[in-house]
Amino acid sequence: MRQNRFAMAVTAAAFLSLAQPAQAADPVVIGVSIAQSPPGSVVQGTQVKDGIEIITKMINDEGGVLGRPLKIVYEDNQGIPEKGRAAVEKLISRDKVVAITGGHQSSVCLAEIEVAHRYKVPYVNTNCWSDDIRAKGYPEVFNPGNYNTRVSTAMAETIGAMKVKNVVAFAENTDYGIGQAKILGELLAKQSPDVKYKYVALDRAGKDFTPAVLPLRANPPDMVVNVMLPPAAYILMNQLYEQGVAPSAKTWFYDGAGIADYPDFWQNVKEAGKYMLAFGLYHPQMPMPDIGQQVGQTYQKEKGHEPNRLIFQGADSVLQIVRAIEQAKSTDASAITQALKDMDYEGVRGKFKFSQEPGYSFQQWVDIPYVTYQLTEVDQPLSKTTLIQATGQPLHADKLVRPSN
Amino acid sequence: MPARPHPNLHTSKLRSEFLLSLAILGALAMVPLLVQSNYWLGVLIVSMYFAMMACGWNLLAGYAGQFSLAPAAFAMLGGYSTGLLAYHLDAPLWIGLPMSIIMPGLVGLVLGRIVLRLSGAYLALTTLSFAEIIRLVIYNSIDFTRGDQGLNVPALYDGRIGNYYIFLGVLTLIVGLIYWLLRLPLGRFLQAIRDDEIGAASRGIDVLRYKTIAFIISCAICGFAGGLYGTFARLVSPELGLIAQTGLVIAMVVIGGMGTLAGPLIGAMLVYTASEFLRDVGGIQMIVFAALVIIFARFFREGLWGLLRRVAVRRAASKGTP
Amino acid sequence: MLALDLFVNGLIIGLYYALMAVGLAMIFGILKIVNFAHGEFYMIGAYTYTLIALGLGVPPWLALPAAALAGALIGWATERWLMRPLYTGYGSWGLMKDEYAVVVTFGLSLLLINLFDKVIGPYPMRGPALWDAPRLSIGPFMMSGQKLITAAVAIILMVSLALFIKRSLWGRQIQAVAQNRLGASIAGIDTARASSIVFMASGVLAAIAGALLAPVINPAPDVGIFPAVKSYVIVVIGGMGSIPGSIIAALLLGVLESFGAVYLSYDYRDTYGLVLLILILLLRPQGLFGERAREV
């Protein structure tokens, strides 16, 4: 421990001595740990990376950070907590990064924050939703992304507004999935105690969920909730559709995992996605700051299709670290951490300051904006979906459409 | 004159392998004097974790001829023994770590009794199935094991160099233990079973008993490696038991030299550190190692150690010619 | 009703398992060795089918034989270069031919997984369905068109295999080799060719399984591990040397898992096979239809 602190002090002194604009050529290095191979969610990891690349270019085009170029070092954690731990160790001890970000799978984040906490390096949690990450109360960990309680609260409100009585949730057997399903249950018990709710945990690496779906054919619920990520989510949706369970005239299908804006969504589910309700962190009709619109337009131009929330979340993570460095006028870890804690930040998705309330809101952007929308046609782009509930507004259940069978 | 055991080819070969192993371990002991980087010391520590598993598997497969495909699964079981005790009962390490030896050993006893009666193909099949399924059980039992999130394990010692020497010490003990076992009649019986099981049985060797002993010891060694690794990484997760990890262990032993004392050591240290180097070159390390496994198994059964020995013998012979 | 639904679903899953396992059962039963690269034969079939159908724009029905061909090729190559030495004198491995097969095929498995991971990329793809109907009613049961076709093709293939082995000349030669290799060669049978045929057939079956299931089990470099582990369990339960035994064991496993998932526990679905495996090893180690009667 003493060795580490000494090394960090030396490094900090070295950085500080270099921080005069006149001599800078030494890049500021930020470490990004994402999944770029299975069993991790490669789709998510790629989108986070895309967002980070766009904002990095924008930052460097405007002169970099404190006059120094911004450099990103990527590590592939494969969606495995152990690999995430090793990746962050490597980024901190070998690449000497000033901060870590990019995390998008909760169990990996949980392992990674331990390392960041041990080395006292700031960790900006891009997309790990599990409340446990916040509840640990580590001062190095900042959460500008969504969190399970937010989704569950939104979903509980929607379920209440739609007046459904019998809900079954399918959750992936990870910290994120089970966490969200449990919180939803607790909220429903408090807010709408007449709603019958249960959740079924499914293996995210599973290939066939028919035995779990078949009992629903016998007793169809009013709503099936999805708390699973692709590819298991796609398999589940296809099998629910195949057995005629949901979406159907009797049963709604409501996605709380934000899968509708994945680039491979329609290709994988086709008919099964029509009539799905979605909790959305991004919708083209949401208000967005100029820099956010710029990021979105750059992405649309480069990739030829609509951006999704991960692009913006990735960009926001890096931008916030950069703004913190600029505010602290230093790349020293504790200075960045302090700046992140105190700053009023205006970024890609909006303006906020981290809350210091302990629990799931610790160093979290508590009022993250969200919407609810429904997909009404196969291959429908986000801009054409029906917005059932706009940011901060109540739900308009009359705008919902049911399939005919 | 007091009777002395006949020095024969077997014991002298074993002794020279042991001396070389000690030399390698001694060299490893010097490394922290030259290498200061925490990162590379960490790489060597993980190599030593693999070296322990490699030694354990080599005892079972290389010397006793029993090809279990579950060494990584037993390491995972060892790690989880320590982890579960810490998580559910707050057990300190002086209870948790010995359990990482005992629990896998017990599982090995039960499993061994069932599968060691059967031929080599059955053993491989069932141990592989067992390994994968036990990994899935741990992965899916979220309430008990926290699933893929893994379990936090307390640290044995909080300092990179301290951990380095702890691992080196344990590795040395394991190599010493295997050397001692092989010098006992047990060692010769195991090799007899490997080379000709029916013949060994016909000479009165209780084949099942010795196979089981080797299996239990191998499982216990792998388990302890897993427990120790947990205290280093501070985390155990189902990934420890992936079949790919067993593949690495087998690759290390085959490349280093199966059925030799030093082979697993050479194989583990080389393969793991090389894979860290190769990773920067472009992620082809597993392709290279898998290809080497096939080539070595097909053409060079004795592995690198065998090749080195052949070269050394040839050089000694050419020097000695009058 | 639920139980009937579960039973039919279990049978269909069992047919998938049977298709995966029967190739391994052939190698195990006839050549008495284990092929640990079996899952990768499956993976190669899945990738060939998906890449040809998607990349070349070929209709899926034509991509299926391409997958079969790829399976035959890899099976032939494995036998010719890695397994042949077992019979023609493998020197340093002595009597450990089982163990040699284990190490070499395990190495092959690792090689293939990592090679495909590097060359094609780790991202799972989605194989095109042969029949795009996402849901059909067959009597009281609902299933997708692909499930129906896969079940049908699986049945056809296994019946053909049975006929081939029982009736054709090569089939009977293979039976002879299974019973006594040395005796068969003395009787003038080309044992090397028989081995080749067995490996090729195994490759074809595994590859077609991979192709048919590509829409459901998306091809990825490590997609073969799941079918492989299921196949190992099935082959041991069914009994070494018995192909019908493996088929029955596969169906049994499918139904067991289906019922167990709903009535016992979903999380431990994969353990039911292991429990059955251990029971069989304890009570009837030769498997359900094992090698007592020396027949294929």
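All heavy atoms count here, side chains included; hydrogens, waters and symmetry mates do not. Naming convention: chains lettered A, B, ... in sequence-line order (proteins, then strands); numbering from 1 in each chain.
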* Measure across B/I243 and C/F106 and return the closest heavy-atom pair with its distance rounded to 0.1 Å. => CG2-CZ, 3.8 Å
Side-chain donor-acceptor pairs under 3.5 Å in residues 244-266 of chain B, sequence neighbours left out?
residue	atom	partner	partner atom	Å
B/T246	OG1	B/A72	N	3.4
B/T260	OG1	B/G257	O	2.9
B/T260	OG1	B/G263	N	2.9

* Asked: So what's closer than 4.5 Å to chain B heavy atoms on C/L277: side chain, backbone, both or neither?
  -> side chain
* **Distance (rounded to the nearest 0.5 Å) between B/I287 CD1 and C/L115 CG** => 5.0 Å
* Structure fact -> When every non-hydrogen atom of B/A291 is compared with those of C/L111, the smallest separation belongs to N-CD1, 3.9 Å
* Is there a side-chain contact between B/F289 and C/N114 (heavy atoms, below 4.5 Å)? -> no
* Asked: Contact part of C/I225 toward chain B, heavy-atom cut-off under 4.5 Å: side chain, backbone, both or neither?
  -> side chain
* Heavy atoms only: give me the nearest B/V293-C/G107 pair and the separation to one decimal. => CG1-CA, 4.1 Å
* Who passes side chain to side chain donor-acceptor pair (under 3.5 Å) against B/T273, sequence neighbours left out? -> none
* Asked: Going from CZ on B/R113 to CG on C/L282, what distance comes out if it is rounded to the nearest 0.5 angstrom?
  -> 12.0 Å
* Does B/R298 reach the side chain of C/Y100, with side-chain heavy atoms less than 4.5 Å apart? -> yes
* Tell me, side chain or backbone of B/V115 under 4.5 Å from chain C's heavy atoms, or both, or neither? -> side chain
* When you look at CD1 of B/I198, are more than 12 heavy atoms from neighbouring residues, nucleotides or ligands closer to it than 6.0 Å? -> no
* Structure fact -> Counting heavy-atom pairs under 4.5 angstrom with chain B, the leader among C/V235, C/T271, C/L274 is C/L274
* To do: Might you point out which heavy atoms bring B/I294 and C/V104 nearest each other, and give the distance in Å?
  => CG1-O, 4.1 Å
* Asked: Considering only heavy atoms, which portion of B/L128 lies under 4.5 Å from any heavy atom of chain C: side chain, backbone, both, or neither?
  -> side chain
* Asked: Non-hydrogen atoms of chain C under 4.5 Å away: do they reach the side chain of B/L69, the backbone, both or neither?
  -> side chain
* To do: Would you give the length of the straight line joining atom OH of C/Y272 to atom CD1 of B/I133, rounded to the nearest 0.5 angstrom?
  => 12.0 Å
* Please look at C/V229 and chain B and tell me whether the side chain, the backbone, both or neither of the residue comes under 4.5 angstrom of a heavy atom of that chain. => both
* **Between CD1 on residue C/I278 and CG on residue B/L111, distance to nearest 0.5 Å** => 6.5 Å
* State, yes or no, whether a side-chain contact exists between B/F296 and C/V103 at a heavy-atom distance under 4.5 Å. => no
